Amino acid sequence: MIVARTLAPALALAALFAVPAYAQTQAPATGIDDALRIARDNGVAHVTKIELDDAKWEVEGMNAAQRKIEIDIDPATGKVLKTDTR
C-alpha cells in the first residue's frame, strides 16, 4: 500500500513532463493527400514514390509522356520548390 501511494504521484509527475514534448510534434501543414494533388496538378500522371524527407515532400513518378518526373514541395506552404523531368 505504501508503494502504491508513492508510485502514483511519481507516475503522474512523469506523465506531466512527457505530454509537452509530444504536443510539440506537429504534422506538416501540407499533408500527403495535398502533396499528391499538387504533384498531379504539376504534371505527375503516375506516382511511384512519395516521402517527407529533408523538410520537403519528394514526389517521383511519370508524366503523361511517360518521362520520369520529380517534384519537391514545401510542406509548410504547399509551394513547388523544384521540378525535374528526364
Side-chain angles (χ1 to χ4, degrees):
M1 187 75 161
I2 293 173
V3 173
R5 280 193 285 187
T6 58
L7 186 58
L11 290 175
L13 188 59
L16 179 67
F17 287 108
V19 172
Y22 179 75
Q24 291 175 356
T25 304
Q26 296 179 359
T30 304
I32 192 166
D33 292 333
D34 295 323
L36 286 169
R37 180 188 48 77
I38 293 165
R40 288 191 177 113
D41 289 348
N42 284 274
V44 178
H46 175 75
V47 175
T48 57
K49 181 179 178 183
I50 184 168
E51 66 180 341
L52 186 58
D53 189 31
D54 296 328
K56 64 183 178 256
W57 283 109
E58 296 177 356
V59 183
E60 297 178 10
M62 305 296 280
N63 65 13
Q66 296 302 309
R67 295 180 65 198
K68 186 175 180 180
I69 185 170
E70 297 178 11
I71 295 181
D72 292 346
I73 302 166
D74 183 328
T77 64
K79 179 181 175 186
V80 174
L81 302 172
K82 181 182 85 169
T83 302
D84 184 27
T85 305
R86 299 180 201 163

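Throughout, numbering of the chain's residues begins at 1 and tracks the sequence. Values below: all heavy atoms of this structure, side chains included; hydrogens, waters and symmetry mates excluded. Only a predicted model underlies this, so the values are computations on that prediction, with no experimental measurement involved.
Closest approach of P28 and L52 over heavy atoms only: CG-CD2, 3.8 Å. When all heavy atoms of D54 and E58 are compared, the pair lying nearest together is OD2-OE2, 4.1 Å. The two residues I50 and A35 make their nearest non-hydrogen contact at CD1-CB, 3.9 Å. The two atoms that bring A76 and A29 nearest to each other are O-CB, 3.6 Å, heavy atoms only.
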Inset, instruction - Please assess K79 against I73 for the test side-chain contact (heavy atoms from CB on, under 4.5 Å), listing each intermediate value before the final yes or no. - result: CA-CA 6 Å; K79 179 181 175 186; I73 302 166; over 6 Å; no
Inset, instruction - Evaluate side-chain contact (heavy atoms from CB on, under 4.5 Å) for W57 paired with I32, printing each intermediate quantity in order. - result: CA-CA 8 Å; W57 283 109; I32 192 166; 3.7 Å; yes
Inset, instruction - Carefully, step by step, assess T30 and D74 under the rule side-chain contact (heavy atoms from CB on, under 4.5 Å). - result: CA-CA 8 Å; T30 304; D74 183 328; over 6 Å; no
Inset, instruction - Start with the C-alpha distance between I71 and V80, add both sets of side-chain angles, then the distance that settles side-chain contact (heavy atoms from CB on, under 4.5 Å), and finish with yes or no. - result: CA-CA 7 Å; I71 295 181; V80 174; 3.9 Å; yes
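Of the possible donor and acceptor atoms, one in the side chain of T48 sits under 3.5 Å from a partner among the backbone N and O of E60. In this structure a side-chain-to-backbone donor-acceptor pair under 3.5 Å is missing from R86 to K68.
We find that R37 and D41 are joined by a salt bridge, their nearest charged nitrogen and carboxylate oxygen being less than 4.0 Å apart.
Atom-to-atom distance recorded for T85:OG1 and R67:CZ is 6.0 Å, nearest 0.5 angstrom. One finds the NE2 atom of H46 at 12.0 Å from the CG atom of N63 (value rounded to the nearest 0.5 Å).
Under the 4.5 Å side-chain heavy-atom criterion for ILVMFWY residues, no single connected hydrophobic cluster contains both I69 and M62.
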